[in-house]
Peer 1: 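The structure follows.
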Amino acid sequence: MYIWCRDHRLHHRYSDTDGDPHNSKRGMFYSHFGWLMTSRHPLCKKLRDTIDMSDLQQDRFVMFQYRHFRPLYFFLGFLLPIWLPMHFFQETFTNAVFVCFFLRYVYTMHVTACINSLAHKFGTRPYDKTIQPVESWFVSLLSLGEGWHNYHHAYPWDYKAAEIGMPLNSTASLIRLCASLGLAYDLKSVDPETLNKRIINKGDGTYEVKYLEEHVTAIGPLHPLNPSYRGTCPDPEIKLKVRMKP
Ligand SMILES: [Zn+2]
Ligand SMILES: [Zn+2]
């Protein structure tokens, strides 16, 4: 949780620049999986230490998982998913290992990676055409709602990570369920008026909805790669927000 969170904060602050751990400007493969197989860009390494992690450092639960990652992974990520189907459903060891460990692992890793690769490339930018991330219903379908990425980068603090709560956004539903149990709190969301202003001022004109009918210019049919994407995003010149020592 700790490492993922630090990398994700870095990704949001320096999106699609060399400071971004999975900089999509370095190509599809790099942003999908290559970044996990090579060493980090020097700038990314430098900037990593500037990310404020004090909130998580004070969270005992997060730090416990960080300190005991290897044994926890072995029991919860490897042994438990293999033992459960063998014990309760009389599956063979081979089936349990290949399906519940390898297949599950490969699938979830690639789906997560799609958010960094496909959802930074193929889709529309109805909320902000000046940034690289896009809306991808295809990635949302695979990742239970994490593919509405133009919105997520426009408003990273919105708990839904998308404008709509449903369909194709069961992660937002899970957070609401946690909130009703008291496990999540202070859920923030954008108010519709602010959102409309941004869609009109900064959107690429592909916004689909209700109150803005006159603004709609292009909505493609549902296609995995969102053909309404017109590919006109300029390379972002994102200014570094900290001053680096020479
Ligand atoms: Zn992103
Ligand atoms: Zn994010």
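Just so you know, ligand 1 is whichever comes first in the structure, and atom 1 is the first atom listed for that ligand.
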Peer 1: Does any N, O or S atom in His12 come within less than 2.8 Å of the Zn ion (ligand 2)?
Peer 2: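 Yes, since at least one N, O or S atom of His12 sits under 2.8 Å from the Zn ion (ligand 2).
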
Peer 1: Linking directly or through intermediates, with side-chain heavy atoms under 4.5 Å: list the remaining ILVMFWY members grouped with Leu187, chain and number order.
Peer 2: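 So far as hydrophobic clustering goes, Leu187 is joined with Tyr159, Ile175.
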
Peer 1: Can you give the angle His120 NE2 - the Zn ion (ligand 1) - His153 NE2, rounded to 10°?
Peer 2: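 Centred on the Zn ion (ligand 1), the NE2/NE2 angle is 110° (to 10°).
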
Peer 1: Which atom name would you report as the N, O or S atom of His11 nearest the Zn ion (ligand 1)?
Peer 2: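 Of all N, O or S atoms belonging to His11, NE2 is the one nearest the Zn ion (ligand 1).
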
Peer 1: Looking only at heavy atoms, what is the nearest atom pair of Gly147 and Ala119, with distance?
Peer 2: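 That would be O-CB, 4.4 Å.
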
Peer 1: Under a 4.0 Å N-O cut-off, is there an ion pair linking Lys25 with Asp16?
Peer 2: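 Salt bridge flag = no for Asp16 with Lys25.
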
Peer 1: For the aromatic rings, using the six-membered ring if either is Trp, is the centroid distance between Tyr155 and Tyr151 under 6.0 Å?
Peer 2: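 Between Tyr151 and Tyr155, which both carry aromatic rings, the centre distance is below 6.0 Å.
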
Peer 1: Which angle, to 10 degrees, forms at the Zn ion (ligand 2) with NE2 of His152 on one side and NE2 of His8 on the other?
Peer 2: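 Result: 150°, to 10°.
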
